[in-house]
Structures are given as C-alpha cells and as structure tokens.
2 protein chains.
Amino acid sequence: MAQFTIKDLARKLGVSPSTVSRALSDHPDISPATKRRVAEAAQKYHYHPNQIAQSLQKKRSSTIGVIVPEIRHNFFSTVISGIEEVAYESGYTIMVCQSNETLAREVLNTQALVANRVAGLLIAISTETSRWDHLENVLARGVPLVQFDRVAEPLDTSKVVIDDYRAAYEAVVHLIDSGYRRIGHFSGREVIAMDRHRCRGYLDALADHGLACDRRFLIRGGYREEDGRAAVERLLALGELPDAILAVNDPVAVGAFVRLKEAGVRIPEDVALVGFSDTPAAALIDPALTTVYQPAFEMGRTAASLLLEQLTAEGGSVEMKTVVLPTELRVRGSSRPRGA
Amino acid sequence: MAQFTIKDLARKLGVSPSTVSRALSDHPDISPATKRRVAEAAQKYHYHPNQIAQSLQKKRSSTIGVIVPEIRHNFFSTVISGIEEVAYESGYTIMVCQSNETLAREVLNTQALVANRVAGLLIAISTETSRWDHLENVLARGVPLVQFDRVAEPLDTSKVVIDDYRAAYEAVVHLIDSGYRRIGHFSGREVIAMDRHRCRGYLDALADHGLACDRRFLIRGGYREEDGRAAVERLLALGELPDAILAVNDPVAVGAFVRLKEAGVRIPEDVALVGFSDTPAAALIDPALTTVYQPAFEMGRTAASLLLEQLTAEGGSVEMKTVVLPTELRVRGSSRPRGA
DNA sequence: TTGGATACCGCAAACGTTTGCGGTATCGTT
DNA sequence: AACGATACCGCAAACGTTTGCGGTATCCAA
C-alpha cells in the first residue's frame, strides 16, 4: 500500500536521495561503484520511480493523449494500435478519449488531457469540429499536437493524411474504365477537409472524362452504415439509380450494399460500389467490396513518430511536416467491369 | 507555456492558495461569497488544476489503466469504448496498453501503469498468461483490479465474463437440433479458462445428446483468422470433414469460412459454422454467420463500473463480485437446418 | 607543504496541489 | 462588558522527484 520511495532506497544504501536519483539516470557525477550498488538495490527492492512525481518536477509527463471520434470504429482502433506500438517502444503510454463525433466532448477531452499534462496530443477531429480554438489553446500552452486523418487544415501542426483527392479520383477513373458512366457519390460532411477533397476528386474525375455529375446522385450524410442505408433510401425514393457509387468509407458502402441487396438490386450488375478503408468486412461480403485501402496502422505509427520527434527536438523547434501516406485501390467484385 | 497555477489565481484574488483550493472543492469553511469570486476568476483566467500535482498529493490519479491483448480486435476495441464511456462520465481518463498476447509485454504494461499510479486496473489477460504474480503484485500495492473476458480465475478480483460453458452448450444444442451430428470444435488455448469452459460446454452438449466427440475434429489453435484457416487445413489433410464446426470466436470462424469456400465446401450444406462474438463481418458474409453475441460494450461498461465502485468505496472494502453477462445465440444462414 | 584540479556526493529548493492546525474577526449570550 | 461560539481564512508541511550549488576528500604537481 505504502510506496517504496527513493528516500527509502537511499536510506537502505546510506546515501542521499539525490545520489540515488542521479545514479539511476546515469549522471557523470556518480561513481560507477555507487551506480552499480544503486541499480542492484533498486532491483532488489522493486523500486520503480513514481512517474507522477517525476512529471510534476519535469513539468511534463511521459504519456501522450489521443482523441478519436469513436474507438470502436475499425479504422480508428487500428490507428490507435499503431500509436500505442511506437509509444510503447519509446517508453510512453497513451491516454485515449473519444469525442463521439461531438465538438463539446472533444473540447472536454482536450481539457482533460491538458490537465493531465500529456506530453503531446494526437487527434482526429470530429465531424462537428468547425472551430479549433480548443486546439489553438493546446498549441498556445506549448503542447505539441499532430493531426491525422481528419485534420483542421488551417491549423499549423504536423499532419498525417492520405491523398484523398487523388484516391477518390483514381477510384472514379477505375469505375469509368470499367464501363460505368452514371456515377454517384455518398459523401460525408462538407466541413471536413477529407470530404471536400474526396468529393472534388470525384467531380474532377468525371469532368476530366467528359462525364456530367448528376447532382441527385451526390448525397451528403455521415460516416456510418445507417448513413449508407439512408442514402440508398433516397435513391430508391427517387426511382432512379446510378450505375455506380463511390462511398465515402466502407461502413457507408456496406450500409448501401445491404440496403441495395434488400431492394433486389444486383451488385455490380445494376450498380457497382466502391468504398474507402478496406475494413475487414470489405473482403468478406459477396461480391467483395472494391475499396481504397488506407494504411491505418501505419498512419498511427507515423503520427506518433512525428509527435515524438517534436518532443525530443524540444527547443530546436522543428518545422511542421505533413506526410501523406500512399493508398491502394483494391479492386474486387463489387466493381467488376460492365459486361464481363 | 508557463502554467497558470493556483498561486497565480490566489494572488489575483488577494487570498491564499489554500482558500482557492478549498473554494474550488466546495469546502464548508469558505464563505459563499468567496466561493463565487473564486469560481468566476477561475473561469475568467481559464484555470484548470494540475492533475499531476493533485495526484501526487492525493497519492492517486484519476486515470484508470486498461490492458488488452490487441486494441485492433473488434471485440476489445468495443470493450474499450464502453470503458471510456463510463470513465468519462465519472471524470476519469483511461490509459490503454496492449500486450500483443505476450506475457512479457503484459507485465511491462502493468508496471508502466502502476508507475503512473493509475487508480485502478482493468485487464483481459493474454493467451500466454499462466502465472499472475504481476497481477498479485498490483493487488498487493492496493490497486483495485477487475478482470474481464479472459480472466485468471484463481485471482480474487471482481470479474465480468459471459457464461462460456452455457453459451457453447446451447450453440451445440442448436446445431444438433438443426440436424447436425458430427460436430467439431476449433478451440483456443487450454490454459485460458474461457476456452476450457467453451470446450466443456461443447463436449457436454454432445454427451448429453448421446453423441460421441470425434477427437480429430477438436482442434486447438489461436484466436485469429489464420488459426481458423489452419484448422481447416488440418481437416482437409485429414480427408474427412465434420458436419458442423463451433469456432472459438468469429475471426476463427471467418478464417474457416473463407478457407472452406476456397476448397469448394458448401456452407452450410456440407459443413455448418457457428462463431462467437458477432463481429460486424458476421452478418455480412454469405451465408451470414450464426454466432453467439457477446455484449462487448456492456462488458466494458460494467467492468469499469465495478472498478469505480471499489474506488469510491475505498476503506469499506467491498466484496469481489463476478458478474456474468447474458449472451444471445444469433441464428443465421451458416447453420440452416439440415435439409431445409 | 601548499595549491588547485578532480571526483563524488549532500542540502535544500522547487514542481502545484491539499489539508491539519491555528488564528482573527464577528456575533450572540449572560 | 466579558466570554465562548462560530465563521472564515492563512501558514506551512507534505506528496516523491530532480537539480543547482556548494562541500569534502583525494590526488597530482610544484
């Protein structure tokens, strides 16, 4: 119950706490002999320094905060896994919060993490987040911040993203090459940069190929299965279906998939489908879902690495990098070439 | 950069830090008037108490540690989501670590969390974990611990689990009722209590119905898709397939599913399949996977609640409860009645 | 023998809180 | 008018570290 502190250890050894502290951190002022004695005693008595006390003194902890919209979403949990991986390797631990896609909770989360004096912050903003004073606040306090996936572009931080524009563009080109012409898009919220990029990629790809965009087929919604279902609902009410649909991510693609099947629509004969993410389910549905793979795990790893860079290079201020990770269009059955 | 501390706030108000501290925590010794003044000033200057300092003084932090085998696994990420949920509601934050299914890393994780003076610990042990001195150590230090899903039974802690025995038993009964006779089981590791229970449920169900267990169809492995594939591989090498297979979880079931399909085996005509968890993919594959649903989110919530109980009831030591959550067999296409 | 390096080590303050104890007004009672 | 309650509030120590500064041996050179 009671702690075994550095003082106890010092007493056992007949030296001062300062000496123990310095010995443990390999300070040159301490003789090799005492260092050895201290190390052995620490081992023997299972002494582990109190991180809390250390943090208070150093004015910074060795934990990094992570905020995501939803932990349970496969994409984010994979990112978190990547983050934890490199954090662990560097002796950091992570504090994870979810905003549940609300701004209110996102700012509460950042406050909580800042109050816990995290060394740095990793965040993918919620769909509601259109102001970022809470994040500017974090930066103003000197807490390094790096954004990933869903980023607030105006904010001067390191970012790790994918080339949403290009990925969407290529996905649409693939559909066109496969013989589809009347191509729709289930988008997310316009405020999200990611969405704007994907949408623009979609539009440009059509335009560059002399195809018109039927605005009725460009439907905005959210990021979940139900949003995919809802979008299909609107199409069905319309009484007219596109040839193909580019969904903003896999969950909405899957939602659309299911609803279309329920309605007796054949995939891809009647309408082709492509998603974003390559969720585990994507390869398993029948026909398998064509989707652009996002390296979620790698995204977590590099985001964490970027943050650690800033943490160690403290003082010599590093410039903000934004690294864009490569994606990969994984062509599967849901976009089989027309007439094949 | 520099902190705005309680001293600064006190100076602005012309009172002592003690008064501010007490005012903030609604101490009866402070007049309503000063409390109001303090509250307003705190608001105005954006004062947030330094949790680190608080923790040091209180000798306990308001963060709870979570250790799971793998964050990215759907089941665990959902549990974590539930944990975060109730932690958030109670003003706690969570530190998440993954053991990657290794004991070594699991003990490192516990040490890191203890060094961070977490208020309590939530854990699902790794498959390698057959000793628990590291957990006993945690308990000895007076840190409350509650186990979930994968538990070390001999350890006297609160636990939240499902009735693995009964769930497996009922799943097998369902298969029998559906006309299947030669039923196999893809199990996990014998050291894991969960596995033993499911296996026993499987065996007893067979026995109770006068069915013999063909030991060649009882295959041990891991918990991932590849393990499911591997198990099927062994069956194929055997040159003989069971009527039906109860998989230890959904990933294994899915792995088996895919491999069986590759081999041209029809599901459920040639072999039926049932899993555990109800992963998102389960309902999406074709035929949809019959599976016993585990309330992952609820498991996270109740585990966290149990921990919080212990934290608040500090002193008046609470007894250890083990709550078993209800499961639900979700019958789908992969176990369609024989001949139907 | 003296002087200055050099090698080790300890004192004490500090990090930002909380809290036991004591202190000073103010008030109501007698 | 004096006295005990009562209501508020401040002092200072403590939580477990780290670290600047100073101090004491020891040693080598002169």
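In what follows, chains are A, B, ... by sequence order, proteins preceding strands, each numbered from 1. All figures in this text were calculated on a predicted structure; none of them were measured in a lab. In what follows, every heavy atom counts, from backbone to side chain, and hydrogens, waters and symmetry copies are set aside.
Between B:R150 and B:E101, at least one side-chain N (NZ, or NE/NH1/NH2) sits under 4.0 Å from a carboxylate O, which counts as a salt bridge. Salt bridge B:E70/B:R105: absent, no basic N to carboxylate O contact under 4.0 Å. Remark: A:R301 engages A:E89 in a salt bridge, criterion side-chain N to carboxylate O under 4.0 Å.
The two atoms that bring B:A304 and B:V86 nearest to each other are CB-CG2, 3.2 Å, heavy atoms only.
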Test side chain to side chain contact (heavy atoms under 4.5 Å, CB included) on A:K159 and A:T157 and set out the steps.
CA-CA 6 Å; A:K159 311 181 176 82; A:T157 70; 3.9 Å; yes
Does B:V66 form a side chain to side chain contact (heavy atoms under 4.5 Å, CB included) with B:E84? I'd like the steps, not just the answer.
CA-CA 10 Å; B:V66 180; B:E84 201 273 347; over 6 Å; no
Assess whether side chain to side chain contact (heavy atoms under 4.5 Å, CB included) is satisfied between A:D8 and A:Y45, documenting all intermediate values.
CA-CA 10 Å; A:D8 301 319; A:Y45 296 108; over 6 Å; no
Applying side chain to side chain contact (heavy atoms under 4.5 Å, CB included), run through A:R189 and A:E128 and close with a yes or a no.
CA-CA 9 Å; A:R189 313 216 177 285; A:E128 274 189 18; over 6 Å; no
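Axis angle, first five pairs versus last five pairs of the helix from C:dT1-D:dA30 to C:dT30-D:dA1: 60°, rounded to 10°.
When DNA chain C is scanned in the 5' to 3' direction for atoms under 4.0 Å from non-hydrogen atoms of chain B, the outermost contacting nucleotides are C:dG16 to C:dG20.
Using a distance-only test at 3.5 Å, with no hydrogens or angles considered, a donor-acceptor pair links the side chain of A:E106 to the main chain of A:S126.
Of the residues listed (A:K59, A:R141, A:R117), the one engaging B:Q3 in a side chain to side chain donor-acceptor pair (under 3.5 Å) is A:R117, and it is the only one.
Backbone-only contact: B:T34 has heavy atoms under 4.0 Å from sugar-phosphate atoms and none from a base.
Two residues, B:K35 and B:K59, neighbour DNA chain D, and the one matched to the more 5' nucleotide by heavy-atom proximity is B:K35.
Listed in residue order, the members of residues 14-33 of chain A having a heavy atom less than 4.0 Å from DNA chain D are A:S18, A:S21, A:R22.
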